[in-house]
Structures are given as C-alpha cells and as structure tokens.
Amino acid sequence: MKILVLNGPNLKLLGKREPSIYGKVTLDDILKSVIMRGKALGAKVDVFQSNDEGALVTKIGDAMGVYDGMIINPAAYTHTSVALRDAIQAVKIPCVEVHLSNIHAREDFRHKSLTAGVCVGQISGFGGQSYLLGLEALVEYLMNIGKVGKNRRKD
Ligand code: DQA
C-alpha cells in the first residue's frame with residue numbers, strides 16, 4: 001500500500017510559526033512519525049510540501065496509478081483552492097484532509113474547506129497527531145474498500 005502525504009503553504013515553518021496555535025513540533029518531525037507509523041501499518045509513505053498551488057496540483061495529478069491513498073493538509077489553500085479540489089476529485093484516490101488546528105474553532109474564513117467535500121473525511125485540531133489519526137483512518141478505509149462501500153465517494 002502506497003500513501004502520499006501532501007503539505008501546503010507555510011507548513012515548512014512549523015515549530016517557529018505561531019506556536020500557540022500550531023505547537024512547537026516541526027513538519028519534519030511530524031512526517032518522520034507518519035513514515036514510521038506507516039511502516040508499522042504496512043504502508044509505504046512518501047511526503048511532499050510546497051508553497052505553490054500549481055506544484056501541489058501537479059503532484060496530485062502525477063499520483064494517479066501510483067498511490068492508493070493520500071493525506072493532505074492544504075493549509076491556506078483549504079479555504080481558497082478550487083484547483084486543488086478539482087485535482088483530488090479528478091484522480092479519485094481516497095484522500096483524508098488533516099489540520100493541526102481546529103479550523104472550525106478559528107476565524108470564520110477558516111470554517112469553510114473547499115477540499116474536504118472531495119475527501120473521505122477530515123481530521124482537525126489534534127496537532128501533529130491529526131496526521132497519525134488520518135493515516136490510521138485512511139489505511140483502515142483502504143483495507144475495507146470493496147467490503148464496506150457505505151462511506152465511499154459517490155462518483
Ligand atoms: C492549517 C489551518 C489553515 O487554516 C491554515 O491556513 C494553515 C494550517 C492547520 O493545519 O491547522 O496554514 O491547515
């Protein structure tokens with residue numbers, strides 16, 4: 001099983017960026033723990049970060065036929081990017097959206113996610129742990145595809 005973990009703009013600054021909201025852990029530390037947990041769950045995890053919307057869209061397009069599942073923290077693009085939403089929908093790779101902070105408990109403009117509606121689900125508010133919870137949920141989901149079907153995307 002191959003999983004791609006995508007990270008949007010400014011997430012490279014984790015650890016230094018608004019630690020009262022995002023904590024002191026770095027993106028590298030989070031991604032290392034995701035790779036390790038993936039190994040334990042039998043999944044090969046690749047990671048990618050970009051501040052560039054187009055680079056993220058290209059990476060998602062290239063994931064078709066390569067990855068079984070994706071985890072994405074689109075960061076600020078969560079709230080703005082029709083292009084990312086369309087890319088996730090186009091490749092039809094089951095995707096889990098994750099956020100460090102609880103976007104629903106923050107400013108109004110963060111309450112809306114353009115991308116969550118084309119994901120299997122969203123995990124928000126558990127810091128770096130959101131990624132691990134997302135990975136576990138995704139692996140479980142992928143293992144049950146074809147058996148359950150109830151929560152699968154309709155397209
Ligand atoms: C974030 C939440 C977004 O609203 C914000 O723009 C980010 C990080 C999070 O992980 O909590 O950059 O995606």
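Ligands are counted one by one from 1 in listed order, and the atoms in each one are counted from 1 as well.
Counting heavy atoms from C-beta on, the side chains of Val96 and Gln122 never come closer than 4.5 Å. Side-chain contact between Ile72 and Thr78: absent, with no pair of heavy atoms (C-beta onward) separated by less than 4.5 Å.
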Could you list each N/O atom of ligand 1 together with any protein N/O atom closer than 3.5 Å, one pair per line with the distance?
from: ligand 1; atom 1: 4 (O); to: His79; atom 2: NE2; distance (Å): 2.7
from: ligand 1; atom 1: 4 (O); to: Arg110; atom 2: NH1; distance (Å): 2.9
from: ligand 1; atom 1: 6 (O); to: Ala76; atom 2: N; distance (Å): 3.3
from: ligand 1; atom 1: 6 (O); to: Arg110; atom 2: NH1; distance (Å): 3.0
from: ligand 1; atom 1: 10 (O); to: Asn73; atom 2: ND2; distance (Å): 2.9
from: ligand 1; atom 1: 10 (O); to: Leu100; atom 2: N; distance (Å): 2.8
from: ligand 1; atom 1: 11 (O); to: Leu100; atom 2: N; distance (Å): 3.3
from: ligand 1; atom 1: 11 (O); to: Ser101; atom 2: N; distance (Å): 2.9
from: ligand 1; atom 1: 11 (O); to: Ser101; atom 2: OG; distance (Å): 2.6
from: ligand 1; atom 1: 12 (O); to: Arg17; atom 2: NH1; distance (Å): 3.1
from: ligand 1; atom 1: 12 (O); to: Arg17; atom 2: NH2; distance (Å): 3.0
from: ligand 1; atom 1: 13 (O); to: Asn73; atom 2: OD1; distance (Å): 2.8
from: ligand 1; atom 1: 13 (O); to: His99; atom 2: ND1; distance (Å): 2.8

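Within the structure, side chain to side chain donor-acceptor pair (under 3.5 Å) contacts touching residues 40-51 (residues at least two apart or in different chains) are Lys44-Asp46, Asp46-Tyr67, Gln49-Asn51.
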Name each donor-acceptor pair under 3.5 Å that joins a side chain in residues 30-37 to protein atoms two or more places apart or in another chain, with its distance.
from: Ser33; atom 1: OG; to: Ile30; atom 2: O; distance (Å): 2.7
from: Arg37; atom 1: NH1; to: Glu136; atom 2: OE2; distance (Å): 2.2

Just distance, no hydrogens or angles: give the donor-acceptor pairs under 3.5 Å from side chains in residues 109-121, sequence neighbours left out.
from: Arg110; atom 1: NE; to: Glu107; atom 2: OE1; distance (Å): 2.8
from: His111; atom 1: NE2; to: His104; atom 2: O; distance (Å): 3.3
from: His111; atom 1: NE2; to: Arg106; atom 2: O; distance (Å): 2.7
from: His111; atom 1: NE2; to: Glu107; atom 2: O; distance (Å): 3.4
from: Ser113; atom 1: OG; to: Glu97; atom 2: OE1; distance (Å): 3.1
from: Ser113; atom 1: OG; to: Glu97; atom 2: OE2; distance (Å): 3.0
from: Ser113; atom 1: OG; to: Thr115; atom 2: N; distance (Å): 3.2
from: Ser113; atom 1: OG; to: Thr115; atom 2: OG1; distance (Å): 3.2
from: Ser113; atom 1: OG; to: Ala116; atom 2: N; distance (Å): 2.9
from: Thr115; atom 1: OG1; to: Glu97; atom 2: OE1; distance (Å): 2.7

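To the nearest 0.5 angstrom, Ser130 atom OG is 7.0 Å from Ile123 atom CD1.
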